[in-house]
Protein chains: 2
Amino acid sequence: MRYSRQRELILEIVMGTDSHPTADWVFQQARKQMPEISLGTVYRNLKRLATNGNVRTINDGTVVRYDWDQEPHDHLKCKICGDLMDVHLLEEDIRKSVREKYNFEVDDVEMTIIGTCNKHNTIMEEK
Amino acid sequence: MRYSRQRELILEIVMGTDSHPTADWVFQQARKQMPEISLGTVYRNLKRLATNGNVRTINDGTVVRYDWDQEPHDHLKCKICGDLMDVHLLEEDIRKSVREKYNFEVDDVEMTIIGTCNKHNTIMEEK
DNA sequence: AATAATAATAGGAATCATTATTATTTATTG
DNA sequence: CAATAAATAATAATGATTCCTATTATTATT
Ligand SMILES: [Mn+2]
Ligand SMILES: [Mn+2]
Ligand SMILES: [Zn+2]
Ligand SMILES: [Zn+2]
């Protein structure tokens, strides 16, 4: 795979955020620095970066998000603000348990925990 | 909400399978018994049955599947045959841990474990 | 049973995220 | 610098799902 300015920029953008961005968000950022870049190029390169192991993909309902953090971890999704936040738990227990109980060879655990994040705490309203 | 023959059929089809069907699969089954039913009707009613709590939805990558089983449980997805199978594990531990450690109010845990199911066991090939 | 009120449907258009196509541009190599 | 082929930009196509609207079916009322 040979070098391209657009791929370098795309990777830099994903590396520079914790927001688990979509292809379209990356595209909006990228065109600020490179106005002629096309959305197809962003999709193509994000996919390639994912198969190369430079970034990882997250399925957020019906859209795909990208995450520079390759460590096995899961996500909390706030149903109010839609934010995804990282959470590290029990990954190894889950893998072990599934292997032993279900005879299923685990590659990857995808967990999204849906709820309400602490930005929307009810405590504040108790004035 | 008033009765409709098509909604009754749609629910019956979802209730009658463990395959975690998509809207399109339900549509294909439904039209065998009711050839004039439309795909939009299937989508509309599956969504309604889900909000009514008659069925639950599963995000399988980019497509939505439906599950009659309302018990909290997770799914193993085989990367070879694409099948989804039910798995029951640790749900309460996960909820508790997230509440305590992250101050995040949990509504629902969505977990998909990706790997290879035992239909593709390598033991069989060791002849 | 006929009538009225209106919820639900069929069929098709529209939308949204993503992928495919292709002519043109660009990185790489001798 | 020229040749080669990989990557891009622009745009068309796709697939899943939702939306629109004229027509039909269900339910309540005479
Ligand atoms: Mn993450
Ligand atoms: Mn299930
Ligand atoms: Zn929030
Ligand atoms: Zn399998």
Side-chain angles (χ1 to χ4, degrees), chain A residues 1-14 17 19-52 54-67 75 77 82 84 110 112, chain B residues 1-14 17 19-67 75 77 79 82 84 110 112:
Chain A
M1 176 175 52
R2 75 185 180 192
Y3 172 85
S4 87
R5 304 191 334 283
Q6 6 308 69
R7 187 181 315 115
E8 179 177 55
L9 174 58
I10 289 164
L11 180 55
E12 188 178 306
I13 288 168
V14 177
T17 183
S19 71
H20 306 93
T22 61
D24 196 67
W25 188 91
V26 174
F27 175 57
Q28 300 306 334
Q29 300 303 308
R31 72 193 318 186
K32 290 178 184 170
Q33 295 183 237
M34 195 185 279
E36 72 293 348
I37 197 172
S38 79
L39 182 56
T41 296
V42 173
Y43 272 104
R44 178 165 16 83
N45 281 296
L46 283 172
K47 176 166 282 202
R48 193 176 300 194
L49 290 167
T51 39
N52 283 11
N54 300 95
V55 301
R56 98 173 232 213
T57 68
I58 303 165
N59 292 110
D60 177 15
T62 174
V63 306
V64 177
R65 295 182 174 276
Y66 292 89
D67 194 340
H75 298 94
K77 182 188 172 74
L84 284 192
E110 289 182 4
T112 304
Chain B
M1 177 174 52
R2 72 187 182 191
Y3 172 85
S4 88
R5 300 186 291 98
Q6 11 300 74
R7 187 181 314 116
E8 179 176 56
L9 175 57
I10 289 163
L11 181 55
E12 187 179 304
I13 289 169
V14 176
T17 183
S19 71
H20 305 95
T22 61
D24 196 67
W25 188 91
V26 173
F27 174 58
Q28 300 307 333
Q29 301 303 309
R31 72 193 319 186
K32 290 178 185 172
Q33 296 183 235
M34 195 186 279
E36 72 293 347
I37 198 174
S38 80
L39 182 56
T41 296
V42 174
Y43 272 104
R44 177 164 19 82
N45 281 296
L46 283 172
K47 177 165 281 201
R48 193 175 301 193
L49 290 167
T51 38
N52 281 11
N54 300 96
V55 302
R56 94 173 235 215
T57 67
I58 303 166
N59 292 109
D60 178 16
T62 175
V63 307
V64 177
R65 294 181 175 277
Y66 292 88
D67 194 339
H75 298 94
K77 182 190 172 72
K79 65 180 180 186
L84 284 192
E110 289 182 4
T112 304

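In this text, all values refer to a predicted model and were calculated from it rather than measured experimentally. Each chain gets a letter, A, B and so on, in the order the sequences are listed, and its residues count up from 1.
- Nearest to the side-chain atoms of Ile37(A) among the listed nucleotides dT8(D), dA9(D), dT18(C) stands dA9(D).
- Nearest to the side chain of Val63(A), among dA17(C), dA9(D), dT17(D), sits dA17(C).
- Of the side-chain N and O atoms in Thr41(A), none sit less than 4.0 angstrom from OP1 or OP2 of dT8(D).
- Proximity of Arg44(A) to the phosphate of dA20(C): no side-chain N or O atom is located under 4.0 Å from OP1 or OP2.
- Proximity of a side-chain donor or acceptor of Arg65(A) to a complementary backbone N or O of Leu84(A) within less than 3.5 Å is not detected.
- Ser38(A) has a side-chain polar atom (N or O) that falls below the 4.0 Å cut-off from OP1 or OP2 of dA9(D).
- Although no hydrogens or angles enter the test, the distance criterion places a donor-acceptor pair under 3.5 Å between the side chain of Thr51(B) and the main chain of Arg48(B).
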Pairs under 3.5 angstrom, nitrogen or oxygen only, protein versus nucleotides 26-30 of chain C, please.
unit_1, atom_1, unit_2, atom_2, d
dT26(C), O2, Arg2(A), NH2, 3.1
dA27(C), N3, Arg2(A), NH1, 3.1

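- The pairing partner recorded for dG30(C) is dC1(D), the criterion being a Watson-Crick or G-U wobble arrangement whose two distances lie under 3.5 angstrom.
- Checking side-chain atoms of Arg7(A) against main-chain N and O of Val42(A) turns up no donor-acceptor pair under 3.5 Å.
- Across the protein-nucleic acid pair, Ile10(B) atom CD1 and dA10(C) atom P stand 8 Å apart, rounded to whole Å.
- In terms of phosphate contacts, Lys47(B) brings no side-chain nitrogen or oxygen within less than 4.0 Å of OP1 or OP2 of dT17(D).
- When only modelled atom types and interatomic distance are considered, His75(A) and Asp67(A) share a side-chain donor-acceptor pair under 3.5 Å.
- Between Tyr43(A) and dT19(C), a side-chain N or O to OP1/OP2 separation shorter than 4.0 Å is absent.
- Salt-bridge formation is detected for the pair Arg5(A)/Glu36(A): a Lys NZ or Arg NE/NH1/NH2 atom is positioned less than 4.0 Å from an Asp or Glu carboxylate oxygen.
- Note that the CZ atom of Arg44(A) and the CD atom of Gln6(A) stand 8.5 Å from one another [nearest 0.5 Å].
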